[in-house]
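Sequence positions, counted from 1, serve as the residue numbers for this chain. Only a predicted model underlies this, so the values are computations on that prediction, with no experimental measurement involved.
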Amino acid sequence: MTSDTSPSLADALAAGTVVLDGGMSNQLESAGHDLSDELWSARLLAERPEAVTEAHLAYYLAGASVAITASYQATFEGFDRRGIGRDEAARLLARSVELARDAARQAHAAGVSRPLWVAASVGPYGAMLADGSEYRGRYGLSVAELERFHRPRTEVLAAAAPDVLALETVPDADEAAALLRAVRGLGVPAWLSYTVDGLRTRAGQPLEEAFGLAADADEVIAVGVNCCAPEDVRGAVEIAARVTGKPVVVYPNSGEAWDAGARAWRGRGTFGTEQVEAWREAGARLIGGCCRVGPEAIGSIAEALGTA
């Protein structure tokens, strides 16, 4: 949690490297929570909020300086399907920020002295569908329709006063354009992070084109990739830094592959801390992990980058 005397996240990125947290879902599952429904970790905002705070705290104590809220799959439409009305859905979205703030306070009380920031997760349209389409994009919606979907949620999250909005796991440059419109004028900085396949978005657009959308967006303090294979990070970092001139954010998966039909991870992990220094050399300034990357790995990243 930042204070009046703490630097902004943008200033911290200009000064050096900042460590992000890891996967929220794997940390909750390792604590014994069942996430096998369409709301995923967002369900616990209502049912077990203390579990969300505990997951954030584990990452702060491990060495992360930024916690990403459990709002990735929290949408008005998704909550409505579960019989949760708009007022309660808005309260739960705001709660996601409050829980991360609570964890930051607890981390400081436990002796963590570095600044701690909260990033409010804004997941893609496909996350609401819960059918794996966030890894494909091309939903058949216009940029204007996607903006209408994202704007109410970003307004509620911004009003909860996070340090930054994490526009994350974006598979499609068209959706990125909609998200950039949706956060305009909210008064909260944002980062834009694509999920990629090689040097293209999941929807197939070249990364030069995709990152270029954010080059002149004053709200955007970092661009990059997440929820992708570690092997895809280095090339994307180089393109993002060159095209935008902004700090780059990276938080890949463990290297295992997600089987949307079985709702399970397959294969072996390939994410090692020896890769993070190469990412930093290429321009990455905000570095962490996504799915299947836990507190131990984040602690190793913080140690490797000298931020612990």
Side-chain angles (χ1 to χ4, degrees), residues 38-40 42 69 71-82 84-86 89-90 93 96 119-159 162 164-228 236 239-240 243-244 246 249 258 260:
E38 291 185 352
L39 286 179
W40 203 30
T69 64
S71 52
Y72 173 82
Q73 211 140 351
T75 65
F76 288 107
E77 293 79 0
F79 283 131
D80 182 65
R81 288 201 299 264
R82 296 291 295 272
I84 298 173
R86 290 188 73 83
L93 281 163
S96 72
S121 174
V122 181
Y125 179 82
M128 180 272 294
L129 299 177
D131 63 356
S133 60
E134 68 262 47
Y135 299 114
R136 300 189 298 271
R138 298 304 195 203
Y139 313 115
L141 300 178
S142 68
V143 171
E145 288 170 324
L146 288 168
E147 181 187 359
R148 284 195 293 274
F149 168 78
H150 285 296
R151 180 74 185 194
R153 173 166 66 140
T154 57
E155 288 176 341
V156 170
L157 288 169
V164 63
L165 295 167
L167 314 179
E168 59 175 354
T169 325
V170 181
D172 192 323
D174 288 345
E175 184 162 29
L179 283 160
L180 292 172
R181 289 187 192 178
V183 301
R184 194 171 297 152
L186 294 181
V188 178
W191 78 62
L192 174 64
S193 180
Y194 289 96
T195 178
V196 300
D197 184 6
L199 299 181
R200 292 180 175 268
T201 68
R202 296 281 186 158
Q205 299 110 338
L207 289 185
E208 287 89 350
E209 170 191 328
F211 289 131
L213 295 173
D216 296 322
D218 292 339
E219 294 89 353
V220 176
I221 62 170
V223 296
V225 294
N226 78 290
C227 209
C228 61
I239 294 170
V243 169
T244 70
K246 296 177 184 285
V249 54
W258 174 247

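Between Ala90 and Val156, the shortest heavy-atom contact is O-CG1, 3.5 Å. The shortest non-hydrogen separation linking Leu199 to Ala236 is CD2-N, 4.1 Å. Across every non-hydrogen atom of Leu93 and Ala74, the tightest pair is CD2-O, 3.5 Å. The two residues Thr201 and Ala210 come nearest to each other via the heavy atoms CG2-CB, 3.7 Å. When all heavy atoms are compared, the tightest approach of Ser133 to Gly126 is OG-CA, 3.3 Å. Nearest heavy-atom pair, Leu146 versus Ala178, reported as atom, atom and distance to 0.1 Å: CB-CB, 3.5 Å.
For residues 198-222, every residue pair satisfying the salt bridge (Lys or Arg N to Asp or Glu O under 4.0 Å) rule, not counting sequence neighbours, is listed here: Glu208-Arg242. A ring-ring contact (aromatic ring centres under 6.0 Å, His included) check over residues 205-225, counting only residues at least two apart or in different chains, returns the pairs Tyr194-Phe211.
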*Output, in order, the C-alpha distance, side-chain angles, deciding distance and verdict of side chain to side chain contact (heavy atoms under 4.5 Å, CB included) for Ser121 and Glu168.*
CA-CA 7 Å; Ser121 174; Glu168 59 175 354; 2.4 Å; yes
*Carefully, step by step, assess Leu186 and Leu165 under the rule side chain to side chain contact (heavy atoms under 4.5 Å, CB included).*
CA-CA 10 Å; Leu186 294 181; Leu165 295 167; 4.2 Å; yes
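Here the straight-line distance linking atom OH of Tyr125 with atom CG of Asp172 works out to 13.0 Å at 0.5 Å rounding. How far CG of Leu141 is from CZ of Phe149: 9.5 Å, rounded to the nearest 0.5 Å. With rounding to the nearest 0.5 angstrom, the CG atom of Leu179 is 5.0 Å from the CG atom of Leu167. Taking CD of Glu175 as the start and NE2 of His150 as the end, the distance is 3.5 Å to the nearest 0.5 Å. Between Gln205 atom CD and Leu213 atom CG the span is 8.5 Å, to the nearest 0.5 Å. The CG atom of Asp197 sits 13.0 Å away from the OH atom of Tyr135 when rounded to the nearest 0.5 Å.
Under a 3.5 Å cut-off, the side chain of Ser193 and the backbone N or O of Asn226 do form a donor-acceptor pair.
A 4.5 Å side-chain heavy-atom check between Arg153 and Val122 finds at least one atom pair inside the cut-off. The closest side-chain heavy-atom distance from Arg86 to Pro152 is below 4.5 Å. Leu157 is listed as a side-chain neighbour of Ser96, based on a closest heavy-atom distance under 4.5 Å.
Residues that satisfy the side-chain hydrogen bond (donor to acceptor under 3.5 Å, both in side chains) test with Thr244, not counting sequence neighbours, are absent from this structure. Residues forming a side-chain hydrogen bond (donor to acceptor under 3.5 Å, both in side chains) with Thr154 (at least two apart in sequence, or on another chain): none. Listed by chain and number, the residues in a side-chain hydrogen bond (donor to acceptor under 3.5 Å, both in side chains) with Arg138 are Asp174 (sequence neighbours excluded). Scanning for side-chain hydrogen bond (donor to acceptor under 3.5 Å, both in side chains) contacts around Glu147 gives an empty result, with sequence neighbours left out.
In this structure, Glu155 pairs ionically with Arg151, as a charged nitrogen and a carboxylate oxygen lie closer than 4.0 Å.
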